[in-house]
Amino acid sequence: MSIIQKLHKDLVNKKNSSVEITRNYLNKIKDKEKDLNAFITISEEQALKDAQKIDDNIKAGKSIDLLAGLPGALKDNISVSGGKTTAGSKILENHVASYDATVTRRLKNSGAVLVGKTNCDEFACGSSTESSAFGITKNPYDLTRVPGGSSGGSAAAVASEEVVWALGTDTGGSVRQPASFCGIVGLKPTYGRISRYGVISYASSLDQIGIMTKTVEDAAIVLTRIAGEDKLDATSAHSSDRIYEHYLSGDLTGKKIGIPKEYVSKNLNESIKNKFFEAVEKYKECGAEIIDISLPHTEYALATYYIIAPSELSSNLARYDGVRYGLSFKQGDFDNIQDFYRKIRGSGFGSEIKRRVILGTYALSSGYYDEYYKKAQKIRGLIRKDFEIAFKKVDYIFTPTTPETAFKIGEKSDPLMAYLSDIYTITANLAGIPAISHPIGTVETDGINLPIGGQLFGKWFDEEGILNAAFTFEKNF
Ligand code: GLN
């Protein structure tokens, strides 16, 4: 049984109260935070108040939602009205959101208990959570290693059982890569499946909210609560809503899973490759047919992404000028308007953001737009086409989530090395398809066993398909 199902049962059978459950998790947070630093904000008082409301409803004989009364966390780029929302950046250090994101509102309507906001790379740019202005988050499996990123706080919090579930955002892998590094489940739905209203934008044609939990069923339960069309987000899709947890049959008979040769090439570490092919065998045992396929434009994905994402970032971040919100200076602290912007943006943004804003502004500039951004969009079309062709032959595509296990803090000071961390995840964002990372075991790294994930890509809007495939794997192994 999933963690959410079990806790829910205890609540309705009055074996446990939401206040007790929430306190229990808050105690774990107190215990572990000095080591992990998974949170930027912890809202203990509000969480206990919300938990009490659920207990009152249960006492009054009212029925409650599956997620009601169960503690979870949001990445700190998702707005909660009246709460600090920093996106891991100094420029938004004291920014208080004036409204709830749609996902926040939907979670509150379900009665979920929000215990806090999790740490992340600044504006979700990164793969390690080291670029947060609020300290590094550590990997619960080894405190000398990163939890992955950019949703590293959410991953560490779920993996160490500080919360039952957490949300992250995934622009190029930021939910799936930390899920792989921390041994949990990470789901990035189809572009448009979940409203992004109230989420601090990074790269708008790629961003999507994702879900991090310990079990696949729990991810399905959370998805049901937050997915669906939203008038407040023009990119949200007119897709029919589903109760995803009802699609977990645990049966894969007759399903075809493609293994793309480009994802298991010579660059993949040998022990991860072995672990991955063990997982392929397990999928066979679950009744799936395994088919070798090719996604020929994969080799261009990283370069394409690192034109599109910084370009859109540079445009989205133009709003942080110190005038309306965030970091600001008083009259007298600057000479003129240019000096004001220079000082705000110069001291408010970290070095990775500055690097990307400069690159993005260059790629979008009038003389270079056609050569860079437009060309990248064309290649993006080819990458999407690869998937369209592949999905005529197979139902799902299975790959390693990451080419390595969690790396050491400080190990990837060269940004190009860090970018390679997302080599297997970014294609799903470029194509807009759903993808899930689920644990496939551990791999010995420098004498310790570290978790690693396998990734399933699905057809556009087939979240229930990949959830069921991952669920079947999880149930059998
Ligand atoms: N690591 C990638 C980047 O830095 C992906 C980040 C994300 O998905 N938010 O852009």
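Remember, it's 1-based here, ligands and their atoms both numbered in the order they're listed. Just so you know, these numbers use all the heavy atoms, side chains as well, and skip hydrogens, waters and symmetry mates.
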Trainee: Quick one: does ligand 1 sit under 4.0 Å from the side chain of Ala124, the backbone, both or neither, non-hydrogen atoms only?
Mentor: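 It is both parts that get close, each with some atom under 4.0 Å.
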Trainee: Looking at ligand 1, is there an atom of it that comes within less than 4.0 Å of some heavy atom belonging to Tyr305?
Mentor: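 Within the 4.0 Å threshold, so yes.
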Trainee: Using heavy atoms and a threshold below 4.0 Å, how should the contact between Arg176 and ligand 1 be classified: side chain, backbone, both, or neither?
Mentor: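 Neither part.
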Trainee: Leu167 versus Ile211: any side-chain heavy-atom pair under 4.5 Å?
Mentor: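 Touching, per the 4.5 Å side-chain cut-off.
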Trainee: Show the atoms of ligand 1 that are less than 4.0 angstrom away from any heavy atom in Tyr202.
Mentor: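 Listed by number with element, the hits are 3 (C), 9 (N), 10 (O).
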Trainee: Could you identify the single nearest non-hydrogen protein atom to atom 1 (N) of ligand 1 and state the distance to 0.1 Å?
Mentor: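 Protein heavy atom with the smallest distance to atom 1 (N) of ligand 1: Asp422 OD2, 2.6 Å.
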Trainee: Please state whether the rings of Tyr320 and Phe123 are parallel, tilted or perpendicular, taking 30° and 60° as the class boundaries.
Mentor: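 Aromatic pair Tyr320/Phe123 classed tilted.
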Trainee: Side chain, backbone, both or neither: which applies to Tyr306 and ligand 1 if a contact is any heavy-atom pair less than 4.0 Å apart?
Mentor: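 Tyr306 to ligand 1: side-chain contact only, backbone stays beyond 4.0 Å.
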Trainee: Which atoms form the tightest heavy-atom contact between Lys459 and Asp395, and what is the distance?
Mentor: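 Heavy atoms of Lys459 and Asp395 come nearest at NZ-OD1, 3.9 Å.
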Trainee: Side chains of Phe277 and Val280: does their closest heavy-atom pair fall under 4.5 Å?
Mentor: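 They are in contact (side-chain heavy atoms under 4.5 Å apart), so the answer is yes.
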Trainee: Heavy atom of Lys188 under 4.0 Å from ligand 1?
Mentor: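 No; Lys188 lies far enough from ligand 1 that no heavy-atom distance drops under 4.0 Å.
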Trainee: Show the atom names and distances, to 0.1 Å, of all donor-acceptor pairs under 3.5 Å that link a side chain in residues 174-188 to residues at least two apart or in another chain.
Mentor:
{"from": "Ser174", "atom 1": "OG", "to": "Ser150", "atom 2": "N", "distance (Å)": "2.7"}
{"from": "Ser174", "atom 1": "OG", "to": "Ser150", "atom 2": "OG", "distance (Å)": "2.7"}
{"from": "Arg176", "atom 1": "NE", "to": "Asp170", "atom 2": "OD2", "distance (Å)": "3.0"}
{"from": "Arg176", "atom 1": "NH1", "to": "Thr425", "atom 2": "O", "distance (Å)": "3.0"}
{"from": "Arg176", "atom 1": "NH1", "to": "Gln455", "atom 2": "OE1", "distance (Å)": "2.7"}
{"from": "Arg176", "atom 1": "NH2", "to": "Asp170", "atom 2": "OD1", "distance (Å)": "2.8"}
{"from": "Arg176", "atom 1": "NH2", "to": "Asp170", "atom 2": "OD2", "distance (Å)": "3.4"}
{"from": "Arg176", "atom 1": "NH2", "to": "Thr425", "atom 2": "O", "distance (Å)": "3.2"}
{"from": "Arg176", "atom 1": "NH2", "to": "Asn429", "atom 2": "OD1", "distance (Å)": "2.7"}
{"from": "Gln177", "atom 1": "OE1", "to": "Gly149", "atom 2": "N", "distance (Å)": "2.8"}
{"from": "Gln177", "atom 1": "NE2", "to": "Ser127", "atom 2": "O", "distance (Å)": "3.0"}
{"from": "Gln177", "atom 1": "NE2", "to": "Ser421", "atom 2": "OG", "distance (Å)": "2.9"}
{"from": "Ser180", "atom 1": "OG", "to": "Thr402", "atom 2": "OG1", "distance (Å)": "3.0"}
{"from": "Ser180", "atom 1": "OG", "to": "Gly453", "atom 2": "N", "distance (Å)": "2.9"}
{"from": "Lys188", "atom 1": "NZ", "to": "Ile433", "atom 2": "O", "distance (Å)": "3.0"}

Trainee: Which ring-ring contact (aromatic ring centres under 6.0 Å, His included) pairs, counting each pair once, include a residue from residues 79-104, with sequence neighbours left out?
Mentor: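 Listed by first then second residue: His95-Tyr325, Tyr99-Tyr197.
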Trainee: Tell me: protein heavy atom nearest atom 6 (C) of ligand 1, and distance?
Mentor: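 Closest protein heavy atom to atom 6 (C) of ligand 1: Ser174 OG, 2.8 Å.
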Trainee: Do Gly126 and ligand 1 have an N or O pair less than 3.5 Å apart?
Mentor: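 The answer is yes, given that Gly126 and ligand 1 share an N or O pair closer than 3.5 Å.
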Trainee: Using 0.5 Å steps for rounding, measure from the CD1 atom of Ile436 to the OH atom of Tyr396.
Mentor: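 Separation between the atoms: 11.5 Å.
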Trainee: Using a 4.0 Å cut-off to any heavy atom of Asp170, which atoms of ligand 1 qualify?
Mentor: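 Selected atoms, number and element: 8 (O).
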Trainee: Using heavy-atom distances, let me know which of Ala309, Gly172, Ser127 sits nearest atom 8 (O) of ligand 1.
Mentor: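 Selected option, by shortest heavy-atom distance: Gly172.
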Trainee: Report yes if the side chains of Lys412 and Leu420 come closer than 4.5 Å at any heavy-atom pair, otherwise no.
Mentor: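 SC-SC contact between Lys412 and Leu420 ruled out.
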Trainee: Would you mind running through ligand 1 and noting each atom that sits below 4.0 Å from a heavy atom of Ser150?
Mentor: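 Answer, ordered by atom number: 9 (N).
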Trainee: May I ask you to check if ligand 1 and Thr169 share an N or O to N or O distance below 3.5 Å?
Mentor: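 Between Thr169 and ligand 1 (N or O atoms, distance only) the closest approach is not under 3.5 Å.
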Trainee: Might you confirm whether atom NZ of Lys354 has over 12 heavy atoms from other residues, nucleotides or ligands at distances under 6.0 Å?
Mentor: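 Yes, because the 6.0 Å sphere around NZ of Lys354 holds more than 12 heavy atoms from other groups.
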Trainee: Which ligand 1 atoms, with their elements, are less than 4.0 angstrom from a heavy-atom of Cys125?
Mentor: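 Contacts of ligand 1 toward Cys125, numbered from 1: 4 (O).
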